[in-house]
Every structure is written in C-alpha cells, then in structure tokens.
Amino acid sequence: MKTGAKILIEGLLKQGVTTIFGYPGGVVLPIYDELYGSPLRHILVRHEQAAAHAADGYARASGKTGVCLATSGPGACNLVTGIATAYMDSIPMIALTGQVPTALLGNDAFQESDITGITMPVTKHSYLVKKAEDIDTVLGEAFHIAGTGRQGPVLIDLPKDVVTNEAPEPKPRGEISLRGYNPTFKGHIRQIEKAISMIGEAERPVIYAGGGVIASDASPELIRFAEATGIPITTTLMGIGAIPCDHPLNLGMLGMHGTRYANYAITECDLLIAIGARFDDRVTGRIQSFAPNAEIIHIDIDPAEIGKNKVVDLPIVGDSRMVLTCMLDRLTGRKERTTWNNKINHWKVEYPMSCPDDGVLRPQLVIKTLSDLLNGEGIIVSEVGQNQMWTAQHFCFRHPRTWITSGGLGTMGYGLPAAMGAHFARPDLPVFDIAGDGSIQMNIQEFGTIVQYDIPVKVVILNNMYLGMVRQWQELFYDRRYSYTELPSVDFVGIAAAYGIDGIRVDSADQVKEALTAAITTDGPFVLDFRVEREENVFPMVPAGAAINEMIGGQKE
Amino acid sequence: MKVHTLSVLVENRAGVLSRVAGMFSRRGFNIESLAVGTCEVPEMSRITITVNGDDTQIEQVKKQLNKLIDVIKVSDITYREHVRRELALIKVAANPGSSRAEVMQIADTFRAQIIDVGAKTLVLQVVGPPEKIDALEKLLRQYGVKELVRTGTIAALRGSKTTAGE
C-alpha cells in the first residue's frame, strides 16, 4: 500500500517528468512532503501564475508536457491565466491542484474553490479525483489527452484525503484508450490526392502555416514540401520558426502586423494551403476579404477548426507532419510559376521589413542587433504588446521551438516565467525574454526564482515608459488621448540589483551592441533596461476591421 | 435556421452535463431543449438536445460536442426517420361549472390525461412532439395556465437502427 501522494510523484516520474513548477500550501503538504528528497525536481516560483507559464514555456521549448502544481483556492485560481494561455495556444500541460478533503467539498471550506468548474472553459479536460486508487489511471489519461491530438492543458484536482489515503501499488499502465477521445492523425488519402491536383493547377499558391506545424514537429516536412513545390510560406505568430527567416520561400508573418508582401500574397493568391492554423481574427483582418480569390485547403488536427471562421474547399483532418509526409510521397513534378514568383519578389524589394538606421535608440534596433549576435541560436521568449510584435518582425528565427510567445490569449507577464521554463527544457541554449516596461512588471517577482536557481535568463526590457501597444492605438485611433497608458520611469537595474542580478541601463543606440554582448557573455541572469524612443509604433499595421492588404506604414522611407 | 435534434451519448460521470451546457453557452449556441437520462448501457447517459441554427452553426455544435472527452457519440437525427416526444404537465385554472368542462374536452381531443383534480385547477399530462404541446398550451392559455412543466424533447430512430449502434 502507498499513499496517494507517493503514487502521484512516482506516476509523474514514470511518465518521464523531470521538472515541475509549483508553490506549496495547506492541502498540498502531503505532496510536498513526498517531493522532499525526491528525484523529481521542483522549482519554487514566486506566484502560481508563473508556475503555469513556466510549465507552458517548458512544453513549448521541449515538445514535452509541462507540469505545474498549486494548492487549493487562491493557489489554484492563480493558475487560471496560465492555463488559459496554454489552452489558447494548444500547449500540452498538466495542472495539479490541491483541494479541500472530499468530506468538506462544497462546504465553502477554507481555501476551497471549484477549480474544475472555474477552468472548464480553458482546459482540454479535467479531473476531480475522489479515491487514491484512481490517481495513477487519471495521471495516465491526463498525459495522454494533454499530449495527443490537438494538445492542451488538463487539470487534476486532488483533495487532501485522496493524497493522504493509501491505495495498492498501481498496475502497469497499458495502452490508454478512451472511447470518447480518438483523434485523427492520418489524413484521408482521397482528400490528399485532391489537394495534390489542386496544387498542380494553381497559378498563385501560398502556404499559411501556424502553430500546428510547430506542435507536430513538422518543420522539416513543411520546408521540403515548399521546396519541392516552390510554394512560398507565410507563418502566423505561432508558426514562426517553422521555416528559417532568410529562406527564399519565407514571406514572414502575415496578419495585423505581418509583412506587406505576405498580406499581398494572401490577398492575390488563387490557392491557400492552411496548415495547422485557425484563421484567427488577428491573422485574417476582415474575414470576407481574406484570400478572396482563393480556393482553400485546410489541414488541421482539430475537425472543429475546419469551417469555423472561413469556408474551406478542401478539408484534411490530420496531424500536419503525417499529412505533409503523405503529400510529399505523392508529389509529381514541379510547376514553374514565374509571374507569381516575380510578383512576390517585387513586393519583397518594394516593401522590406526595415527600421531606420538613424542613430536613435529604437526598439527594432535592439531586436536586430540581438538577432545578429545570436544568429538564430537561442530561445527568444516575449511578453505581449509592441515588444512581441517587434521581435516577431525583426528577429531572424532559424529553428522551431525557439520562439515562445503567448499568441491566442496575449498574456502580459507571460515572458519571464515562460523563459524560466524554457531554460529547464533547453539548458544548452541561451534564453532571452524580450519585455516591455509594462509587461515585465506583471511577473517581476520571478527575479526571485531566477536568483534562487541561478537561471541564466537574460531580460531585455524595451522601456518606453508606456503601455506601448495601447498607446499606439490611442495615438492612431483615439486622437492621441493617452488614457492611463503612461508609466513612470522605473529603475529596473536597481530592482535587479536588489535581487542580486546584474544589469545595465542603455540610453543610446551606440551602446546597444556592447550591452547585449555583455548579457550574452554573462553566465548568470542579466537585466538590460533599454530606454527606447518613447512613441515608436509597430508598422505595418492593419487597423481593426480592415482587410489585410489595407495596411498603414511599412513602405519604403 | 432550423431546429436540429441531436442524440448525444456521454459518459455517466459527474460534471458531464455542465461540460455540455457550458460549451453551448460559451460559444453562443442556443439550446431549445435538453433532456438527459440513463440509457441501455449502465455507465453511459443519453442527452437529447434540440438546437436552433443554420447548417454551419449546427456543424460547429456537433464538432465542439465531439471534442469533449466525455462525449462518446453525437448523432444528428434531424434528417433521418425518427420519433420525437416530449411530456408536459400543465396546471390550468378550471372552476367547477364554468370552464372545467371545456378544459376536459380539450384534454380529451389532445389525448391528454387529467392526473390531478383540484378545487379550482386541473393538471393535464400530455405527451407528443413539442409542436403538439405548444398547440395545447396555446389553447389552454385563455383559461389561465398556472404552471407549465416540460421535460424537453427526447427522440429515437425508427426501425431497428440505434444512435449508439450504426
């Protein structure tokens, strides 16, 4: 016989989990007692939200399922933003929460909250475990659900008596099969053949690749497919890294802050091949004007995404990698599309993604310099807002899973804790968190965690003393009425120093390279406070409700 | 827009109904009626949902239902040969001497049973497709409907086919 807590920790180890992120509390004391001296590494964060984001960052960087742990009530509630972030971006995660003893459930007991109820809309599935003997089975199912099909977070709520009670040693887990859960992985052959013939006929095709390509590790197949067919690729924010930034077929990101050439290509294409993408409103702009002249092929693991936002001509339900592999096997010959390629190349020359080199300390300069210094070899995490868009636009990503950002939910405060998680997934790579002065202050307490575990995350703060993206909208669409978006100057180097982290404040463009080099060559964590041009905007930009080819900015100077 | 009848087989577990109902409200789908109960397999339940929407919306409803782990099977039986029934209890004002006889006559026409006779009211039990219950209610309204309780529609395929089998 073993306690539920022991079964839980052994179950996690059996599942191959090495690191979890958490915060202790009353009802999880038995679990923490079991963690004491356990080979399972536990990282103590400073706020439960950070535990969820760290597990999420770990999952995105590694491809494995991230795990976080919090106590009941406030602890569990603090995970919610992190769980919702993972849900919106389809990130495999297990959230373990303590719960009051089963006898007190529903009694408004101390630190009780109905966390399975609260998280129902933002989890792929959830469990409230009632018996110690169920723990191991639930754990197996939870990992299976989180990590297969369209991935996502699964919550397991564990009442205190369930983890203190004893149960027999769990039987070895066999193949997990759930009658209500059978994702389709292989694409329908006839649909794939139809797709091949549509591609053969198309004069102006474009591939629109999203986070599904990263999730299914389909990047090599995607590149081979694009090269074999000569079809250019534009990626969503979540798809960045699927194809190297400087690959001749890469059109960069599309959508609200995408490149002009990607958006023009979408608007003029006659065949759109969407792979692991979901026609999000930030991508499509006015949906009726998105790829208005195109037939659409939509490859996605989630049948519910097909036809949700846009009517498609040919759906293929399946795993991106499997479908692409199958398509590659069936490709015959390559069609030359000189006119289309010339047109795209003309746009690329005419509307390059550039920033002025005028000696001013602009945020884009910081990103570009870091990009040159790292040459794509590192993990870049971002917060949310202008910092995120500038990074997506100006950093040259070369590998999948090196760009980690909150896309769907757009969670400020995500970056720093996610960067911590990414470090534990890939300790061999340098990890940078690109932040704004607004978003860094949403989880700045994690400096404490970074110091405690000597996590060598480098924090790049693009400090404009504004909530920059909101200010940008106020400038463009609200007559410059900067309502509650101005922030006072904060001495971030001083804050870092108080935690015991080195840092530099940078006030001029000519110090950028030197400062970033100092961060890269420092072994431990490092904080850089760049005092950037305050009212710099993210361009090009598609105003809300406009078609994606109706862009502001991004023309040649 | 058309009312669709979905027969949904689910795990008989705590929280399933709230997952299903939550999905509908979250995604802005309108449930016309919902009836849930045990079924021929002890560890499963069957939910019959009638939902109003165009074909695209209904397609999305079915796909979102299928995504729920506890949902085993979703069958849209709208366009298949099936029988639909709902049960309603209607408490009608019926004073002896005046309207009581008329109410009893209407009940008879609708093959509704009178299952309670009070001093000033009658309770009618009627079974039928929802349109029949709507019609009866409309007729009874002039006498004063004190209370109306409806079970929601349940449905089954005609012939030997079942929604679980197929």
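The sequence lines fix the lettering, A, B, ..., with proteins before strands; numbering per chain opens at 1.
Top candidate by heavy-atom pairs under 4.5 Å with chain B, chosen from Leu178(A), Asn182(A), Ile145(A), Thr116(A), is Ile145(A). Between chain B and the residues Gly307(A), Pro303(A), Gly149(A), the most heavy-atom pairs under 4.5 angstrom are made by Pro303(A). Comparing Met23(B), Glu11(B), Gln64(B) by how many heavy-atom pairs each has under 4.5 Å with chain A, the most go to Glu11(B).
Ser33(B) places no side-chain N or O within 3.5 Å of a backbone atom of Gly152(B) that could act as its donor or acceptor partner. Using a distance-only test at 3.5 Å, with no hydrogens or angles considered, no donor-acceptor pair links the side chain of Ser75(B) to the main chain of Ile77(B). Judged by distance alone, the side chain of Lys310(A) and the main-chain N or O of Ala291(A) form no donor-acceptor pair under 3.5 Å.
Under 4.0 Å is where a charged nitrogen must lie from a carboxylate oxygen, and between Glu43(B) and Arg13(B) no such pair does.
Proximity to chain B is limited to the side chain of Asp302(A), based on heavy atoms less than 4.5 angstrom apart. Proximity to chain B is absent for every atom of Leu128(A), based on heavy atoms less than 4.5 angstrom apart. With a 4.5 angstrom heavy-atom cutoff, Ser18(B) touches chain A via backbone and side-chain atoms both. When heavy atoms are compared at a cutoff of 4.5 Å, Leu68(B) approaches chain A solely by way of its backbone atoms N, CA, C and O. Residue contact with chain B, scored on non-hydrogen atoms closer than 4.5 Å, involves the backbone and the side chain of Ser126(A) alike. Using a 4.5 Å cut-off between heavy atoms, Arg26(B) touches chain A through its side chain atoms alone.
Counted within 6.0 Å of CZ on Arg111(B), heavy atoms from surrounding residues, nucleotides or ligands total 12 or fewer; the atom is thus considered open.
Taking the side chain as every heavy atom from C-beta outward, Ser72(A) and Ile115(A) never approach each other to under 4.5 Å.
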Check your understanding: Run the side chain to side chain contact (heavy atoms under 4.5 Å, CB included) check on Val27(A) and Gln99(A) step by step: do they pass?
Key -> CA-CA 6 Å; Val27(A) 296; Gln99(A) 184 53 279; 5.7 Å; no
